[in-house]
**Q** 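Handing you this structure, nothing more for now.
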Amino acid sequence: MPIDASTLENLLKGTFNNAKITITDLKGDNDHWSVEIVSEDFIGKSRIQSHKMVYGSLQGKMGNEIHAMQLKTSTPNS
Amino acid sequence: MTNDNENIFATIQEQLKSDDIVLYMKGNAKFPQCGFSAATVDVLNSFGVNFKEHNILLDPELRQGIKDFSQWPTIPQLYVKEEFVGGCDIIREMAESGELEELFKEKKLISNQ
């Protein structure tokens, strides 16, 4: 079952409280997302570590309720 | 680890030892079955590197096993010399930034020219 944008946003905000989060529904079906997160939490982390933090914040939904998610993480001023 | 995990992890470790560049994907390189897998194949082809793909759609145990092994929830997954490099988004970013070329050169998978 897909997920809606505000649920997705709340999950991400739960972990990344000071971040700039941009969520786009790529196909208008609540199932193909593009997410960009700019956060200090990623400072010093590799891309894999950063992405794993994001997947972790989704509490197991990645691959289940969330079918596809393009993810871009970056730090402020990068 | 359960016995099931031990078996599939052993299989995966063998696969990673057998080839320098290993891609776990949906479909195969000629006929990818998902946009993200196709995009990753395109990136690898743009470097002209040899790679071994494993079609996880043909093997449910591998499909779940590789996610447990890598602690990564999605497919495709790219390994270079037994090290997990990332999924489609990371591979594309690294290709754009030049990091992927650096990695391939460092691992002697493409020439230094």
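A note on names: the letters A, B, ... follow the listed sequences, proteins ahead of strands, and every chain is numbered from 1. From a predicted model like this one, the values you see are computed outputs, not experimental measurements.
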**Q** Are there donor-acceptor pairs under 3.5 Å across chain A and chain B? List atom names and distances.
**A**
from, atom 1, to, atom 2, distance (Å)
A/R47, NE, B/E93, OE1, 2.8
A/R47, NH1, B/E99, OE1, 3.1
A/R47, NH1, B/E99, OE2, 3.3
A/R47, NH2, B/E99, OE2, 2.8
A/K52, NZ, B/S70, O, 3.2
A/L71, N, B/D89, OD2, 2.5

**Q** Go through B/V80 and B/F104 one step at a time and tell me if the side-chain contact (heavy atoms from CB on, under 4.5 Å) criterion holds.
**A** CA-CA 8 Å; B/V80 174; B/F104 286 152; 4.0 Å; yes
**Q** Would you give me the side-chain donor-acceptor pairs under 3.5 Å for residues 3-10 of chain A, sequence neighbours excluded?
**A**
from, atom 1, to, atom 2, distance (Å)
A/D4, OD1, A/S6, N, 3.2
A/D4, OD1, A/S6, OG, 2.9
A/D4, OD1, A/T7, N, 3.0
A/D4, OD1, A/T7, OG1, 3.0
A/D4, OD2, A/T7, OG1, 3.4
A/E9, OE2, A/K13, NZ, 3.0
A/N10, ND2, A/S6, O, 3.3

**Q** Stepwise, does the ring-ring contact (aromatic ring centres under 6.0 Å, His included) test hold for A/F42 with A/F16?
**A** CA-CA 10 Å; A/F42 298 134; A/F16 304 101; 5.2 Å; yes
**Q** Can you list everything that forms a side-chain contact (heavy atoms from CB on, under 4.5 Å) with B/A95? Sequence neighbours excluded, please.
**A** B/V43, B/F47, B/L100
**Q** Determine whether A/N18 and A/D41 make a side-chain contact, defined as any pair of heavy atoms from C-beta on separated by less than 4.5 Å.
**A** no
**Q** Sequence neighbours excluded, which residues qualify as ring-ring contact (aromatic ring centres under 6.0 Å, His included) partners of B/F36?
**A** none
